[in-house]
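Each remark here refers to the structure printed beneath this line.
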Amino acid sequence: FAFIFSAKLICFSIRPPFQCSRGLVKDAHRDAALRAHKFFDNLNVLHDCGLLLEVNADQVSYNTVIHAYQRSKLPNAGEEAESLLNMLQSLYESSGDPSLRPDVVTYCSLLGVHANTGNARRAEDLLLQFHKEHTMHPDRAAPDTACLDQVLLAWARKGGEQGAKRANMLLKLMEVC
């Protein structure tokens with residue numbers, strides 16, 4: 001199959017796992033995340049209608065679209081990325097399919113979305129939430145250094161005394177954990 005987006009030819013073979021939106025992520029246009037998300041949604045609709053049954057969205061597919069939002073810096077990127085994480089988590093919980101389990105890349109990309117859009121507080125809240133969820137459910141992915149780095153970056157971009165204090169507090173907290 002081949003699709004044409006903005007005069008770019010995106011070619012892919014239809015084999016599980018679903019990997020075709022990756023070509024859209026590299027597009028430098030601001031609306032690449034929106035187009036990747038729409039493409040992803042359209043393929044899911046086709047799959048749900050009984051077409052393209054061999055195409056299965058998995059955690060890598062969701063991560064790819066979340067990463068597109070991370071690169072986009074759209075004002076609503078955080079909400080869109082969180083919506084995708086919530087869908088992925090719901091699918092995993094309802095199906096038990098391990099290919100739908102959010103992983104550290106999912107969480108790190110979501111934190112990166114908030115870091116890139118200047119929402120340091122939300123990034124920090126999510127990091128602490130992910131850590132708490134992992135503590136309560138050890139089978140869930142644990143935040144790693146890359147996740148912490150995204151939140152530290154968010155506070156560094158925020159600047160000022162508050163940013164420095166919050167970053168220092170997070171470092172101390174993560175040393176204890």
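Everything quoted here is computed from the prediction, not taken from an experiment.
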*Output, in order, the C-alpha distance, side-chain angles, deciding distance and verdict of side-chain contact (heavy atoms from CB on, under 4.5 Å) for Q162 and R121.*
CA-CA 11 Å; Q162 181 191 20; R121 174 67 63 192; 3.3 Å; yes
*May I have the step-by-step check of side-chain hydrogen bond (donor to acceptor under 3.5 Å, both in side chains) for N86 and S83, ending in yes or no?*
CA-CA 5 Å; N86 292 336; S83 171; over 6 Å; no
*asked:* Between D97 and S99, is the side-chain hydrogen bond (donor to acceptor under 3.5 Å, both in side chains) condition met? List the steps.
replied: CA-CA 5 Å; D97 182 348; S99 74; 2.9 Å; yes
_Pair F130-V104, side-chain contact (heavy atoms from CB on, under 4.5 Å): steps then yes or no_ = CA-CA 10 Å; F130 297 152; V104 70; over 6 Å; no
_Criterion side-chain hydrogen bond (donor to acceptor under 3.5 Å, both in side chains) on D103 and N63, from CA distance to verdict_ = CA-CA 9 Å; D103 64 358; N63 290 353; 3.1 Å; yes
*Worked verdict on Y107 versus L127 for side-chain contact (heavy atoms from CB on, under 4.5 Å)*: CA-CA 8 Å; Y107 297 128; L127 176 68; over 6 Å; no
*Dump the intermediate steps for side-chain contact (heavy atoms from CB on, under 4.5 Å) on Q70 and Q150, then the final yes or no.*
CA-CA 11 Å; Q70 181 180 356; Q150 290 293 341; 3.8 Å; yes
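Here the shortest heavy-atom pairing between V151 and A123 reads CG2-O, 3.6 Å. Across all their heavy atoms, A167 and L152 have their closest contact at O-CD2, 3.5 Å. The two residues R122 and E82 come nearest to each other via the heavy atoms NH2-OE1, 2.6 Å. Considering all non-hydrogen atoms of both residues, S72 and A33 come closest at CB-CB, 3.7 Å. Minimum interatomic distance between L126 and H114 (heavy atoms only, all atoms of both residues): CD1-CD2, 3.5 Å. Taking both residues in full, the closest heavy atoms of A141 and P102 are given as CB-O, 4.0 Å, listed atom of the first, atom of the second, then distance.
Donor-acceptor pairing under 3.5 Å is lacking for the side chains of R71 and N116.
Linking ILVMFWY side-chain heavy atoms closer than 4.5 Å, directly or via other members, places L74 and I66 in a single hydrophobic cluster. L85 and V105 fall into different hydrophobic clusters, where Ile, Leu, Val, Met, Phe, Trp and Tyr are joined by side-chain heavy atoms under 4.5 Å apart, directly or via other members.
By the 30° and 60° cut-offs, the orientation of the rings of H37 relative to Y69 is perpendicular.
Looking only at distances, a side-chain donor or acceptor of R101 sits under 3.5 Å from a matching main-chain atom of D139. Judged by distance alone, the side chain of S109 and the main-chain N or O of T106 form no donor-acceptor pair under 3.5 Å.
In this structure the side chain of L171 reaches within 4.5 angstrom of the side chain of L148, judged on heavy atoms.
Y92 contributes atom OH, which lies 9.5 Å from atom CG of L100 (distance to the nearest 0.5 angstrom). Distance CG/L153 to CG/L111: 11.0 Å, rounded to 0.5 Å. In this structure, CG in L84 is found 11.0 Å from OG1 in T64, a value given to the nearest 0.5 Å.
Residues forming a side chain to side chain contact (heavy atoms under 4.5 Å, CB included) with R140 (at least two apart in sequence, or on another chain): Q89, E93, E133, H137.
A side chain to side chain contact (heavy atoms under 4.5 Å, CB included) with W155 holds for exactly one of E124, K165, M169; it is E124.
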